Amino acid sequence: MEENVRKLEASLDNWRKGVAPVEDVRSLAQDLGAYKYMPGIPVLVELLDDKDDMVRYNAAASLAMNFNYVPATGRILTMLAGDPDEDCRSMAASCLASLCH
């Protein structure tokens with residue numbers, strides 16, 4: 001697990017510096033949830049507004065499905081109501097169902 005934490009920290013550092021390629025940010029949004037890396041929750045909330053649809057999709061999934069992070073409900077509801085990507089809206093609906101279950 002220690003190796004995974006180091007990789008997540010390195011990815012987070014690259015993201016914060018603005019040097020992470022979009023593919024890495026997509027993976028980061030997924031991996032933060034998969035490894036239940038609690039310090040990544042604020043980053044996931046921020047990634048809900050990313051310009052890349054897969055980043056938003058993965059961030060929402062991580063927050064709801066991995067962390068059951070109820071404080072993100074409002075942000076995910078906003079995604080459901082207005083995200084330009086159909087898959088993101090569908091994920092938002094799934095996330096809300098999970099969070100409210």
Side-chain angles (χ1 to χ4, degrees):
M1 185 66 169
E2 184 67 31
E3 179 66 25
N4 293 330
V5 170
R6 279 195 295 271
K7 287 179 182 179
L8 286 173
E9 286 293 332
S11 294
L12 281 167
D13 190 46
N14 286 338
W15 174 75
R16 287 181 183 115
K17 291 177 182 174
V19 297
V22 69
E23 294 83 10
D24 290 355
V25 180
R26 289 174 179 171
S27 294
L28 177 65
Q30 185 175 26
D31 292 345
L32 289 171
Y35 293 111
K36 296 190 187 311
Y37 188 68
M38 299 294 285
I41 289 175
V43 172
L44 290 169
V45 171
E46 189 172 337
L47 290 176
L48 290 174
D49 293 326
D50 195 86
K51 65 182 176 183
D52 184 75
D53 56 344
M54 187 58 76
V55 171
R56 294 190 309 276
Y57 181 100
N58 288 346
S62 287
L63 285 165
M65 309 298 186
N66 298 111
F67 289 112
N68 196 37
Y69 190 67
V70 175
T73 302
R75 297 287 300 279
I76 294 172
L77 184 58
T78 300
M79 178 184 274
L80 175 64
D83 196 280
D85 183 75
E86 181 179 340
D87 290 333
C88 286
R89 291 191 307 273
S90 178
M91 176 52 75
S94 296
C95 289
L96 290 169
S98 177
L99 289 170
C100 295
H101 179 45

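We use all heavy atoms of the structure for the numbers below, so side chains are in, but hydrogens, waters and symmetry mates are not. Note that the structure is predicted; figures quoted are calculated from it, not measured.
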* Structure fact -> Value for OG1 (Thr78) from CG (Leu48), rounded to nearest 0.5 Å, stands at 9.5 Å
* To do: Would you check if the side chain of Ser11 reaches a backbone N or O of Lys7 as a donor-acceptor pair within less than 3.5 Å?
  => yes
* Please check if Leu47 and Leu12 belong to a single hydrophobic cluster, counting links between Ile, Leu, Val, Met, Phe, Trp and Tyr side chain heavy atoms closer than 4.5 Å. => yes
* How about Met54 and Asn58: do any of their side-chain heavy atoms sit closer than 4.5 Å? -> yes
* Decide whether Met91 and Leu80 are clustered together by the hydrophobic rule: side chain heavy atoms of Ile, Leu, Val, Met, Phe, Trp, Tyr closer than 4.5 Å, transitively. => no
* Could you list the residues that satisfy side-chain hydrogen bond (donor to acceptor under 3.5 Å, both in side chains) with Lys17, not counting sequence neighbours? => Asp13
* Structure fact -> In terms of heavy-atom contacts, Pro39 and Pro42 come closest through O-CD, 3.4 Å
* Asked: Is the shortest distance from a Lys or Arg side-chain nitrogen in Arg56 or Asp83 to a carboxylate oxygen in the other one below 4.0 Å?
  -> yes
* If you group Ile, Leu, Val, Met, Phe, Trp and Tyr by side-chain heavy-atom gaps below 4.5 Å, do Met65 and Ile76 land in one group? -> no
* Could you tell me the separation between the CG atom of Asn4 and the NZ atom of Lys36, rounded to the nearest 0.5 Å? => 14.0 Å
Donor-acceptor pairs under 3.5 angstrom involving side-chain atoms of residues 19-28: please list them, not counting sequence neighbours.
residue : atom : partner : partner atom : Å
Arg26   : NE   : Asp52   : OD2          : 2.9
Arg26   : NH2  : Asp52   : OD1          : 2.8
Ser27   : OG   : Glu23   : O            : 3.3

* Structure fact -> CG of Leu8 to OH of Tyr35, rounded to nearest 0.5 Å, is 7.0 Å
* How long is the gap from CZ on Arg6 to CD on Glu2, to the nearest 0.5 Å? -> 5.0 Å
* **Cys95 to Ala60 - nearest heavy-atom pair and separation** => SG-O, 3.3 Å
* From CG (Leu77) to CE (Met79), nearest 0.5 Å -> 11.0 Å
* Asked: Are Glu46 and Trp15 close enough that some pair of their side-chain heavy atoms sits under 4.5 Å apart?
  -> yes
* **Joint cluster assignment, Tyr57 & Leu44, ILVMFWY side-chain distance < 4.5 Å** => no
* Which atoms form the tightest heavy-atom contact between Ser62 and Ala29, and what is the distance? -> OG-O, 2.6 Å
